Structure formats: structure tokens, C-alpha cells
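Structure first, commentary second.
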2 protein chains.
Amino acid sequence: MLKLTKKADYGLIALRHLASIPTATASTKEIADTYHLPVPLLAKVLQRLTQTKILISVAGTNGGYRLARDASKISALEVVRAIDGPVILTHCFTDHGSCDQSDNCTVREPLRRVHEAILDVLNRFTIDDLAEPVAQPRASKLTPLPTPLHQVINSLQPVSN
Amino acid sequence: MLKLTKKADYGLIALRHLASIPTATASTKEIADTYHLPVPLLAKVLQRLTQTKILISVAGTNGGYRLARDASKISALEVVRAIDGPVILTHCFTDHGSCDQSDNCTVREPLRRVHEAILDVLNRFTIDDLAEPVAQPRASKLTPLPTPLHQVINSLQPVSN
DNA sequence: AGATACCGGACAGATTTAGTCCTGTATCGA
DNA sequence: TCGATACAGGACTAAATCTGTCCGGTATCT
Ligand code: FES
Ligand code: FES
């Protein structure tokens, strides 16, 4: 649970790689070789990223992929959604909209909030961020007192799905 | 991906239910009936919650389960871990500690931070929070400017795994 | 042309999750 | 003491996902 799929992993790795060579293009094979990833699988991941306008593909000899926009404009959430489909926390606010319970179920609404909080984290994280190991080597307990959850929640910006 | 398992879902529902009757106990069957959950499955979930000291079981006629401590002292993270096992975001910082890449892989460290941010959200969320629909009906854009990720990260309190 | 690369669906195998079943043990109440 | 109630927990099956492969097709550069 709460596990990134390998595909998403591969996608992030590839994107991060492409971000490091902003002008040039890299082929599936190149990237796969560099990071020892299964070629055909990575290929499909890159295809999907192209479909979703995150990458641009260049066919032909010396072709390959390059980012469709700046690395700072591509969020991890977008990538994950492109590859793995919509992110779903509970089964209750999906397809048909509600399980048999949705009325007397007390858990539904609150869980949706956790859901959004998580999406928000993913949303703030860009491919850019994947590159730099961050100034402060290790995050530290700057907030010894745990921030109450509702505060965290209230600072969220709406993220659909 | 990033999906709560049904078991975890069931567990949270059950806990929330038990939180609403702090003194009394409720049997597996009672809870399952109330929320239309598969009895044997819920039973196993509750068993695990008992093993991990989140619940206390009472055998015999009129037996059942009750919370082992106050609802505000039980975090969603704890529950999820009890039921689904350790939460893992990437495959790279698990078992053996590293994939073949861990050296030239640039994604590893940054991803670990996203991971922690998510765990942190889950960690702050208690069974208590599941109960109340929160004062402000809908979270709003109190922070129109997205908080930079590293700020979010720096405010984290360490959470293992 | 011919070589290189992307495109995209179909498909097989492995892993995870969901859900069932059955035997055993503890406790309460009559 | 007997019997009903309820938890304990392992073994097992089935369904759903995820991982990874294969292949025929198309676009592009040299
Ligand atoms: S169990 Fe489905 S809405 Fe809560
Ligand atoms: S791919 Fe394993 S450490 Fe990044």
C-alpha cells in the first residue's frame, strides 16, 4: 500500500535524466541502459508520458525524447497520474461515486482530506526537485510540536482527483 | 498506486466505530453488519489490530473489542502499518537497502523525502480526526502561493520507515 | 532505400490483495 | 458443568494488479 509502482519509478528516473540534458534528446535504449531498466517497459512508460504531453518524441535516427516543458513545471503528481492512472485513496469516492454506505459511513469525508493532503505533497514536488539534493542535508525537527492536522489541511490548495 | 487497501479501510471504519462507544465493546459481527463488511475479513483485521496493541479483545458472551487507548492517540499511520505492513514508496530503500543503482541513481534521495512527507501526513491523522467533519466545511486556498516543497519537508518530524 | 526509433496493442507470468474455511480456545451465563 | 458466544489464527482459493515481453506498424533521418 502507498507504494509507487515501478513504472512510475522508471518514469521519474527517466524524466530526471532528461531534465539533466534540457536541450538534447535521449532514446529509450540510452536511458534504459544507463539505469539498467528493462527496455520495452521503459518504452511504454515514455510513450504514455508523451501522450500526456509531458514528453515530446522525436522519431527517426538520432531521435528520442525530450521534456515538453521546463522541469520545474512538471509535478510528480502529474507524472504518477499519467503512468498509473488516477490516484485513489479509498474505494469510496471513485467510479459510481459511492459505496452502499456513503450515508452512514463516517470515515469517508475525513479520509478524503487525508487523500488531498497527500496529493498536495505530490503536487508540490516537481521533476526539478528530483535533481537537487536540497540545501540542508537532513530535514530537522524545526517544528518540535506536531502541526495539528486541520491546519495542514486548511493550507491546501484544491487538487482534483 | 497510492491506494489504501480495503483491509486498512475496514480497519479505520471499525476503529472509528469503536471510538464512538469508548466504554463499551463491539463484536466483529456487530461492526461488520453495521457497515456491510465481510465478517471473516474484518475479523482478521481486528485480530491484527489486537496483536499490535491498538485494540483489546474481550472473549466470551457479550465480548468484542474496544480501543486500547484514546482515539486521539492512535494515528492512521500506525493503523495502516499494522494492517498492511510497512509503507514503501520506492523499491530502492527497502530490504537489502539498495538496488543495483543506488549510487548513480539521482532519484532515490529526493523520493525518500516525498515519502516522509506522506508518512507525516498519515502520522498526524488520528482516529479522532476521523470522527469530526472539521469546523470549516471546506478547506480553502488560505495559501494561494504554493508552499515550496523544501519548506514542507523541513517542517517534518522524523518518522521511521 | 535502409537503419533507427517511436507507437501501441495483445499477452503471459508473478505478485498482491480480497475473501473464505475450518479447527481451536477462552469466557460468560444459566 | 454445560453450552452458546466470540476471539485466534493458519491454510487456502480467487480475483485483481503489476511487471515484463513480443510483434507488426509508422515516421524520420542519412
Ligand atoms: S465505506 Fe464507502 S463511503 Fe465509507
Ligand atoms: S533506482 Fe534504485 S536507488 Fe534509484
Side-chain angles (χ1 to χ4, degrees), chain A residues 1-11 13-14 18 24-33 35-66 68 80 82-88 90-91 94-95 99, chain B residues 1-11 13-14 18 24-33 35-66 68 80 82-88 90-91 94-95 99:
Chain A
M1 115 92 209
L2 221 60
K3 185 170 39 183
L4 226 49
T5 65
K6 284 193 182 175
K7 283 194 221 171
D9 226 359
Y10 295 167
I13 292 174
L18 290 171
T25 76
S27 73
T28 302
K29 195 161 167 305
E30 265 170 34
I31 301 177
D33 284 355
Y35 301 97
H36 302 109
L37 310 177
V39 180
L41 188 50
L42 177 62
K44 237 192 318 211
V45 169
L46 296 181
Q47 275 169 38
R48 193 139 323 161
L49 291 177
T50 304
Q51 287 170 356
T52 51
K53 314 284 192 201
I54 293 172
L55 288 182
I56 289 178
S57 68
V58 180
T61 314
N62 286 102
Y65 295 93
R66 65 189 160 80
V80 168
I83 296 175
D84 287 336
V87 174
I88 292 169
T90 69
H91 312 265
T94 47
D95 333 292
C99 72
Chain B
M1 120 88 209
L2 219 62
K3 186 171 39 184
L4 225 51
T5 65
K6 284 193 182 175
K7 283 194 219 170
D9 226 0
Y10 296 165
I13 292 174
L18 290 171
T25 74
S27 72
T28 302
K29 193 161 169 306
E30 266 169 34
I31 301 178
D33 285 355
Y35 302 97
H36 302 109
L37 309 178
V39 180
L41 188 50
L42 178 62
K44 239 196 312 215
V45 170
L46 296 180
Q47 273 170 40
R48 193 140 323 159
L49 291 177
T50 304
Q51 286 169 356
T52 51
K53 314 284 192 200
I54 293 172
L55 289 181
I56 288 177
S57 68
V58 181
T61 315
N62 286 102
Y65 294 93
R66 64 187 162 80
V80 168
I83 296 174
D84 288 336
V87 174
I88 292 169
T90 69
H91 312 265
T94 48
D95 333 290
C99 72

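The structure presented is a predicted model; accordingly, all values stated were derived computationally and were not measured. FYI, side chains are in, hydrogens and waters are out, and symmetry mates aren't considered; it's all heavy atoms of this structure. First the proteins, then the strands, lettered A, B, ... as listed; each starts at 1.
- If you check distances only, the side chain of K44(A) never reaches the base of dT19(D) with a donor-acceptor pair under 3.5 Å.
- Within 6.0 Å of CG in N62(A) there are 12 or fewer heavy atoms belonging to other residues, nucleotides or ligands.
- The CG atom of N62(A) sits 7 Å away from the P atom of dT30(D) (whole-angstrom rounding).
- Computed from coordinates, the I83(B) CD1 to dA18(C) P distance equals 11 Å when rounded to whole Å.
- T25(A) contributes a side-chain N or O that, together with a main-chain N or O of G63(A), makes up a donor-acceptor pair within less than 3.5 Å.
- Side-chain contact between L18(A) and I31(A): present, with at least one pair of heavy atoms (C-beta onward) separated by less than 4.5 Å.
- Out of dG9(D), dC18(D), dT20(C), the shortest distance to the side chain of Q47(B) is found at dG9(D).
- Counting to the nearest Å, the P atom of dG19(C) and the CG atom of L46(B) are 15 Å from each other.
- Not a single donor-acceptor pair, N or O on each side, falls under 3.5 Å between the base of dT17(D) and the side chain of K3(B).
- Across all their heavy atoms, R48(B) and I83(B) have their closest contact at NH1-O, 3.9 Å.
- At the heavy-atom level, K29(B) lies nowhere under 4.0 Å from the strands shown.
- Distances shown here put every side-chain N or O of T50(B) at or beyond 4.0 Å from the OP1 or OP2 atom of dC7(D).
- Protein atom NZ of K6(A) is 9 Å distant from nucleotide atom P of dT15(C), rounded to whole Å.
- At dC6(C), one or more side-chain N or O atoms of T28(A) fall inside 4.0 Å of OP1 or OP2 (strictly under the cut-off).
- Using a 4.5 Å heavy-atom threshold, the side chains of I56(A) and Y65(A) count as separate.
- When each of dT20(C), dC29(D), dA5(C) is scored by its nearest atom to the side-chain atoms of P40(B), the top-ranked nucleotide is dT20(C).
- Atom NZ in K7(A) sits about 16 Å away from atom P in dT15(C), given to the nearest Å.
- The separation between L4(A) atom CG and dC18(D) atom C1' is 13 Å, rounded to whole Å.
- For Q51(A) and G63(A), each mapped to the nucleotide of DNA chain C holding its nearest heavy atom, the one lying further toward the 5' end belongs to G63(A).
- Between L42(B) atom CG and dC21(C) atom C1' the separation is 17 Å, expressed in whole Å.
- Place Y10(A) and A59(B) on DNA chain D by their nearest nucleotides, and A59(B) ends up nearer the 5' end.
- Of the candidate nucleotides dT5(D), dT19(D), dG19(C), dT19(D) has the atom nearest to the side chain of T5(A).
- Taking only side-chain atoms of Y65(A), from C-beta outward, the nucleotide of dT27(C), dA3(C), dC7(C) with the closest atom is dC7(C).
- Here P38(A) lies in heavy-atom contact (under 4.0 Å) with sugar-phosphate atoms only.
- Here dA8(D) is the nucleotide among dA18(C), dA8(D), dC7(C) with the atom lying nearest to any side-chain atom of S57(B).
- Residues L55(A) and R66(A) are not in side-chain contact: their nearest non-hydrogen atoms beyond the backbone lie 4.5 Å or more apart.
- Distance D84(A) CG to dA16(D) P: 19 Å, rounded to the nearest Å.
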